[in-house]
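Every chain is numbered from 1, with letters handed out A, B, ... down the list of sequences.
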There are 2 protein chains.
Amino acid sequence: MATKSIDAEWKKGSAELLILSLLEAMPRHGYEISKLIEHRSEGGIRFHAASLYPLLYRLEKRGWIQGRWVEKSGQRRRRYYQLTPSGVKVLAAQREGWQAFVEAISRITGAENA
Amino acid sequence: MATKSIDAEWKKGSAELLILSLLEAMPRHGYEISKLIEHRSEGGIRFHAASLYPLLYRLEKRGWIQGRWVEKSGQRRRRYYQLTPSGVKVLAAQREGWQAFVEAISRITGAENA
DNA sequence: TACGATATGTGGCATAGCAATATATGGCAA
DNA sequence: TTGCCATATATTGCTATGCCACATATCGTA
């Protein structure tokens with residue numbers, strides 16, 4: 001139970017919001033993003049490489065994030081992504097959308113006394 | 001904008017929670033469920049027939065809901081679904097899981113000052 | 001040498017949403 | 001009487017996407 005995700009299904013769709021949010025403050029690379037999500041959710045939400053990297057390419061292709069390779073001696077090359085101006089706008093819209101969605105779910109699942 | 005879903009992606013996975021919640025108080029049929037969700041979310045969340053009916057079959061197959069045909073003169077036959085004891089337990093677990101998920105998302109997307 | 005952590009990448013399968021389409025009934029308007 | 005809309009359930013086929021398993025590559029440590 002503790003090794004499993006909170007719910008694999010619910011992770012879908014929220015992935016973009018999570019990644020864009022984490023890139024808001026500073027550029028980060030893929031592995032860092034996956035570890036951050038894992039730690040902050042206390043292991044509840046986990047991104048697999050096979051989901052994360054293709055998603056990063058999609059976000060970059062849409063122009064929401066911009067990646068650049070950083071090579072430092074003593075470590076494998078990393079691709080750091082940062083939010084583009086377009087990505088900042090999308091993030092704001094997604095935050096609003098997420099709020100609205102959570103409220104809608106709340107109204108539907110909790111209004112059984114109506 | 002108003003004709004579009006809040007976000008098609010976020011609907012994924014929450015579908016089961018929505019349906020189980022709506023069946024908690026009383027048995028309902030498919031079309032009724034889709035209309036209820038649409039109205040309570042003020043059009044933000046909408047279930048298409050091609051998603052809803054297969055989902056209802058899946059839930060019934062898993063033993064979480066039980067359907068029965070109701071035929072009344074003057075209207076098309078309807079299939080009313082009600083929660084099974086197993087479904088009640090699953091609903092409780094899904095409610096908890098949803099809460100935990102929303103909190104985890106909040107921690108990840110809002111902790112950029114850490 | 002061997003293993004684990006870091007770091008990125010991909011082929012292929014399974015799931016699942018949705019557009020389009022179909023069937024069937026009843027009410028209402030042209 | 002013909003046509004259209006709302007109700008109500010159902011399926012086919014396309015597409016998007018998550019994940020298992022595997023691969024590549026570097027570094028530290030035992």
Side-chain angles (χ1 to χ4, degrees), chain A residues 3-19 22-23 27-39 41 43-62 65 67-81 101, chain B residues 3-19 22-23 27-39 41 43-62 65 67-81 101:
Chain A
T3 57
K4 241 295 192 177
S5 284
I6 289 175
D7 193 302
E9 299 300 314
W10 290 332
K11 193 163 46 186
K12 297 177 186 174
S14 58
E16 293 179 7
L17 173 63
L18 290 178
I19 291 175
L22 291 178
L23 297 181
R28 299 183 194 275
H29 58 95
Y31 192 78
E32 188 186 0
I33 291 171
S34 77
K35 288 301 162 190
L36 254 178
I37 290 175
E38 200 175 323
H39 289 143
S41 69
I45 302 176
R46 194 165 298 167
F47 273 87
H48 298 258
S51 304
L52 179 63
Y53 292 108
L55 178 53
L56 287 171
Y57 309 151
R58 284 202 299 277
L59 297 183
E60 186 170 22
K61 199 171 179 184
R62 290 178 200 158
I65 64 177
R68 71 175 211 283
W69 286 110
V70 175
E71 314 233 10
K72 279 213 295 196
S73 63
Q75 58 187 203
R76 202 193 187 292
R77 63 174 191 166
R78 297 167 169 172
R79 190 160 175 85
Y80 279 85
Y81 293 95
F101 181 70
Chain B
T3 57
K4 241 295 192 178
S5 283
I6 290 176
D7 194 302
E9 298 300 315
W10 290 332
K11 193 162 46 185
K12 297 176 186 174
S14 58
E16 292 177 7
L17 173 63
L18 290 179
I19 291 175
L22 291 178
L23 296 181
R28 300 182 194 275
H29 58 94
Y31 192 77
E32 187 186 0
I33 290 171
S34 77
K35 289 302 162 190
L36 255 178
I37 290 175
E38 200 174 325
H39 289 144
S41 68
I45 302 176
R46 194 165 298 165
F47 273 87
H48 298 260
S51 304
L52 179 63
Y53 292 108
L55 177 53
L56 287 172
Y57 308 151
R58 283 202 300 275
L59 296 183
E60 186 170 21
K61 200 171 179 185
R62 289 179 201 159
I65 63 177
R68 70 175 211 283
W69 286 109
V70 174
E71 314 232 10
K72 279 213 293 197
S73 62
Q75 58 186 203
R76 202 192 188 293
R77 61 173 192 168
R78 295 166 169 173
R79 188 159 176 85
Y80 280 85
Y81 292 94
F101 181 71

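Going from atom NZ of B/Lys35 over to atom C1' of D/dT7 covers 9 Å, rounded to whole Å. For the pair A/His48 NE2 and D/dC22 C1', the computed distance is 15 Å after rounding to whole Å. Note: CD (B/Glu38) to P (C/dC18) measures 12 Å, nearest angstrom. Taking atom CZ on B/Arg77 and atom C1' on C/dG26, their separation rounds to 17 Å, with Å as the unit. At whole-Å resolution of the value, CD1 in A/Ile45 and C1' in D/dG18 are 15 Å apart. Between A/Leu55 atom CG and D/dT17 atom C1' the separation is 10 Å, expressed in whole Å. As rounded to whole Å, 16 Å separates atom C1' of D/dC20 from atom CG of A/Leu52. Atom-to-atom, CD of B/Glu60 to P of D/dT9 comes out at 12 Å; the value is rounded to the nearest Å.
Applying the side-chain hydrogen bond (donor to acceptor under 3.5 Å, both in side chains) test to A/Arg77 and every residue at least two apart in sequence or in another chain returns nothing. Every residue was checked against the ring pair (Phe, Tyr, Trp, His ring centres under 6.0 Å) condition with A/Tyr53, not counting sequence neighbours, and none meets it.
For D/dT7, the OP1/OP2 oxygens have a side-chain nitrogen or oxygen of B/Tyr31 closer than 4.0 Å. Using a 4.0 Å cut-off, some side-chain N or O of B/Arg58 falls inside it from OP1 or OP2 of C/dG17. The phosphate of D/dT9 has OP1 or OP2 within less than 4.0 Å of a side-chain N or O from B/Tyr53. Using a 4.0 Å cut-off, some side-chain N or O of B/Ser51 falls inside it from OP1 or OP2 of C/dC18. One finds a side-chain N or O of A/Tyr57 lying less than 4.0 angstrom from the OP1 or OP2 phosphate oxygen of C/dG9.
Using a 4.5 Å cut-off on side-chain heavy atoms (C-beta onward), B/Glu38 and B/Ile45 make no contact.
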(Q) Checking B/His29 against B/Tyr81 for the side chain to side chain contact (heavy atoms under 4.5 Å, CB included) test, could you report, in this order, the C-alpha distance in whole Å, the side-chain angles of both residues, the deciding distance, and whether it holds? (A) CA-CA 6 Å; B/His29 58 94; B/Tyr81 292 94; 5.7 Å; no

Q.
For nucleotides 23-30 of chain D, give me one character per nucleotide, 5' to 3': B if any protein heavy atom sits under 4.0 Å from the base, S if the only such contacts are to the sugar-phosphate, - if neither.
A. -BB-S---

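Counting only heavy atoms from C-beta on, A/Ala50 has its side chain closest to C/dG11 among D/dT9, C/dG11, C/dT8.
Formation of a donor-acceptor pair under 3.5 Å by the A/Ser41 side chain with backbone atoms of A/Ile37 is found in this model. Between the side chain of A/Glu71 and the backbone N or O of A/Arg76, no donor-acceptor pair lies under 3.5 Å.
The CG atom of B/Leu22 sits 6.5 Å away from the CD1 atom of B/Ile33 when rounded to the nearest 0.5 Å.
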